[in-house]
Amino acid sequence: MDVSHILDGLNAEQREAVSSTPGHRLVLAGAGSGKTRVLVHRIAWIIQVEGISPFGVLAVTFTNKAAAEMRARAEALLGMPTRGLWIGTFHGLAHRMLRAHYREAHLPQGFQILDSEDQRRVLKRVIRGLELDESRWPAKQSAWYINARKDEGRRPQHLQDSGDPVAQQLIRIYTAYESACERAGAVDFAELLLRSLELIRDNQALQAHYRKRFRHLLVDEMQDTNTLQYAWLRLLAGERGLVFAVGDDDQSIYGWRGARVENMLNFARDFPGCEEIRLERNYRSTATILKAANGLIERNTDRLGKRLWTEGADGDPIGLYTAYNESDEARFIVDRVQHWAEQGGRRDECAVLYRSNAQSRVLEEHLLAAGVPYRVYGGLRFFERAEIKDALAYLRVISNRHDDASLERIINQPPRGIGERTVSLLRDAARRQNASLWDAACGREHGLPPRALGAVQRFVDLIETLAEAAGQQELPGQVETVVQDSGLLEHYRADRSERGQARLENLGELVTAARTFAFSAEEAEAMSPLDSFLAQAALEAGEAQGGAGEDCVQLMTMHSAKGLEFPMVFLAGLEEGLFPHQMSIEDPSRLEEERRLCYVGITRAQRHLTISYAEHRRLHGRETFAEPSRFVRELPGELLEEIRPRLQVSRPVISAPADPPPQGLSVGQRVQHATFGEGVVLDYEGQGNHARVQVNFRDAGAKWLVLAYAKLQTL
Ligand code: ATP
Ligand code: MG
């Protein structure tokens with residue numbers, strides 16, 4: 001058989017990895033060395049050369065976007081569709097199993113997925129139900145606790161009562177939360193995985209079935225698997241399944257969420273006969289970008305240690321822009337993107353990466369003002385927008401009346417005279433009867449005053465009417481009915497503001513999404529199109545949105561950029577306290593994780609990398625004056641080039657007209673300082689004895705100095 005198309009375009013080590021005999025394999029290699037590429041080619045090899053049916057292969061990656069790309073690339077290599085091949089995220093695959101075996105998993109057929117916001121709402125109710133003070137027991141903290149326990153595979157009954165009153169209370173909340181979910185037929189994200197693990201662990205027939213089926217298991221981004229995901233993998237592999245894992249310890253960035261880089265180190269022990277393969281040649285970035293990445297990551301002590309090399313050209317130096325404030329930074333980035341597009345580049349070749357989601361707002365503002373289309377990955381995504389969540393909540397209640405979280409969201413949305421007091425009476429009644437809110441609303445035990453009763457009755461009737469209408473329609477019709485007849489459309493139409501308009505458009509977009517929604521034949525056997533659509537909405541919240549196919553600038557956090565690559569990358573907001581994040585600065589191991597995150601950011605860039613930081617930043621409503629990030633200083637200085645369109649920067653209104661430059665100095669001038677060493681003049685202000693100058697020192701970072709004392713020598 002001619003297999004050259006599978007091995008073409010691979011180097012010797014990559015070929016070895018792809019075509020090695022069946023067995024456990026661990027590819028440990030740096031960024032851009034072709035790990036994902038190797039994994040995809042290995043899938044094709046297994047199917048085409050080893051003759052394994054696509055049904056016998058399971059591949060796990062980190063995001064739905066990556067999964068979709070992986071499938072497309074595998075299909076292109078194989079020259080055929082890959083039905084039956086399981087490619088997805090851990091959550092997605094676990095969800096698929098639970099749908100197929102909902103009975104064995106002790107779930108109702110139409111079980112719903114709680115996203116993090118839903119989860120918090122349920123927890124709030126639970127905490128109130130336990131009569132705990134919400135300010136002492138914030139839902140967020142409980143959610144964190146519960147998710148962490150689930151990620152370790154632990155149910156309330158596995159948790160020891162250590163006598164610590166806080167732990168005791170959290171266990172109580174966890175217990176009550178479990179029953180609330182059980183009652184509502186709802187599962188949160190961590191539950192998807194834990195439930196499916198328990199399913200295969202405890203059900204021998206299913207275990208045997210899946211172990212027999214999946215002879216090959218492939219995992220991308222192994223360094224970021226958590227305890228539960230690793231256990232899931234081991235369980236599924238059993239004695240005979242062959243695992244092909246790829247990862248990079250230098251890119252482990254989810255330790256804060258329970259990921260364990262040790263999983264990669266333990267791999268050889270847990271999967272006997274495992275062969276380790278290293279790839280060292282980087283195909284992604286210019287030599288300059290790679291040197292910067294290497295220079296930075298070398299500062300970490302806790303590494304397996306690898307070096308990456310490239311045959312690529314040096315390329316441009318790394319741009320460094322010192323912005324006056326966050327607006328100036330955004331304006332600068334937008335200018336650059338526009339320039340790129342004017343030169344014939346595509347906008348979607350540009351990615352702006354930042355540490356914290358909140359940073360996207362200012363960038364979005366400037367992109368909007370400049371009319372540059374963009375797409376935000378993460379942040380407030382389509383399926384997480386309020387109006388979309390409203391409509392989805394109606395659909396969920398229609399599918400399952402006992403979904404308390406959704407019911408609570410819409411019982412007075414749009415407002416229909418059902419106030420907090422009424423809801424609270426219903427909640428009490430539900431608790432007394434150990435029933436759902438819906439049951440309480442339909443019953444007579446709630447002791448509601450007549451007016452409230454009327455309003456609740458009308459709500460119940462509305463849901464029944466919607467459900468009946470939906471029962472006779474296909475999915476798009478169902479969504480349209482709900483959007484129209486729930487009163488949501490009218491409600492948002494009354495809001496004449498831009499935002500109201502945007503909400504109307506989004507609701508329209510939801511109907512379009514339902515129309516173009518494709519669900520697989522396999523799914524069709526397991527659930528209704530509506531449930532399948534709702535599941536996808538829950539699983540995809542947190543990922544891409546925006547006009548499909550439009551040429552948009554890509555905005556995302558560095559975390560969500562993992563595994564991706566772009567010709568032109570901006571890393572924005574490199575300031576101490578923002579990146580590295582304030583919470584990580586004191587703790588050496590967390591600081592190393594931040595540095596790895598920066599390494600991930602840098603290594604996304606193929607040809608151009610631009611780093612920026614702002615001297616003043618308003619974020620989360622606070623104004624900060626930050627130092628440039630230590631990561632900027634840790635980059636080899638000779639790779640950086642200061643970018644200085646600063647003279648066009650508009651100063652805040654309060655400042656005086658621009659001062660003439662102090663004698664002998666100009667922006668961009670190289671200078672030498674006795675203590676701080678060499679640097680570049682960035683800015684100046686004031687006159688005579690008051691003249692101050694800002695210098696960006698190669699080692700010490702940017703500093704304002706009083707000129708009269710600084711004794712700078714020009715170079
Ligand atoms: P990351 O650690 O960031 O996930 P990776 O190791 O998974 O990176 P890939 O994304 O698979 O790396 O590959 C990086 C880039 O290099 C891709 O554009 C890929 O197509 C290209 N590439 C990989 N191997 C080769 C090769 N042998 N010849 C040409 N291009 C290659
Ligand atoms: Mg990869």
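Counting convention: from 1, in listed order, for ligands and their atoms alike.
Considering backbone and side-chain atoms together, Asp248 places no N or O closer than 3.5 Å to any N or O of ligand 1. When only interatomic distances are considered, the shortest N/O to N/O separation between Gly9 and ligand 1 falls below 3.5 Å.
Proximity to Gly34 (heavy-atom distance under 4.0 Å) selects the following atoms of ligand 1: 5 (P), 6 (O), 9 (P), 11 (O), 12 (O), 13 (O), 23 (C). Of all atoms in ligand 1, listed by their number and element, those nearer than 4.0 Å to a heavy atom of Gly30 are 6 (O). Under a 4.0 Å criterion applied to the non-hydrogen atoms of Gly563, ligand 1 contributes the atoms 4 (O). Heavy-atom proximity to Asn11, at under 4.0 Å, picks out these atoms of ligand 1: 27 (N). Listed by number with element, the atoms of ligand 1 under 4.0 Å from a non-hydrogen atom of Leu10 are 27 (N).
At the top of the distance list for atom 23 (C) of ligand 1, counting protein heavy atoms only, stands Arg37 CD, 3.4 Å. Closest to atom 8 (O) of ligand 1, if we only count protein heavy atoms, is Gly32 N, 2.9 Å. Looking at atom 22 (N) of ligand 1, its nearest protein heavy atom turns out to be Tyr283 CB, 3.5 Å. Distance from atom 10 (O) of ligand 1 to its nearest protein heavy atom, with residue and atom name: Arg284 NH2, 3.0 Å.
The option from Lys35, Gln14, Arg15 that lies nearest to atom 24 (N) of ligand 1, judged by heavy atoms, is Gln14. When the options Glu565, Arg604, Glu13, Lys562 are ranked by their closest heavy atom to atom 3 (O) of ligand 1, first place goes to Arg604.
The one candidate from Arg303, Gln223, Arg595 that meets the side chain to side chain donor-acceptor pair (under 3.5 Å) condition with Asp250 is Arg303. With Tyr374 as the partner, the side chain to side chain donor-acceptor pair (under 3.5 Å) test is satisfied by one option alone out of Glu364, Arg347, Gln554, His366: Glu364.
Contact check for Ile253 versus His559: side-chain heavy atoms found under the 4.5 Å cut-off. You'll find the side chain of Val219 stays beyond 4.5 Å of the side chain of Val246, heavy atoms only.
Between Arg590 and Glu593, no side-chain nitrogen of the basic residue sits less than 4.0 Å from a carboxylate oxygen of the acidic one, so the salt-bridge criterion is not met. Residues Glu276 and Arg278 are paired through a salt bridge, judged by an N-O separation under 4.0 Å between the basic side chain and the carboxylate. Under a 4.0 Å N-O distance rule, the pair Arg257/Asp224 does not qualify as a salt bridge. A salt bridge does not link Asp348 to Arg375: none of the charged nitrogens lies less than 4.0 Å from a carboxylate oxygen.
The CD atom of Glu565 sits 8.0 Å away from the OG atom of Ser285 when rounded to the nearest 0.5 Å.
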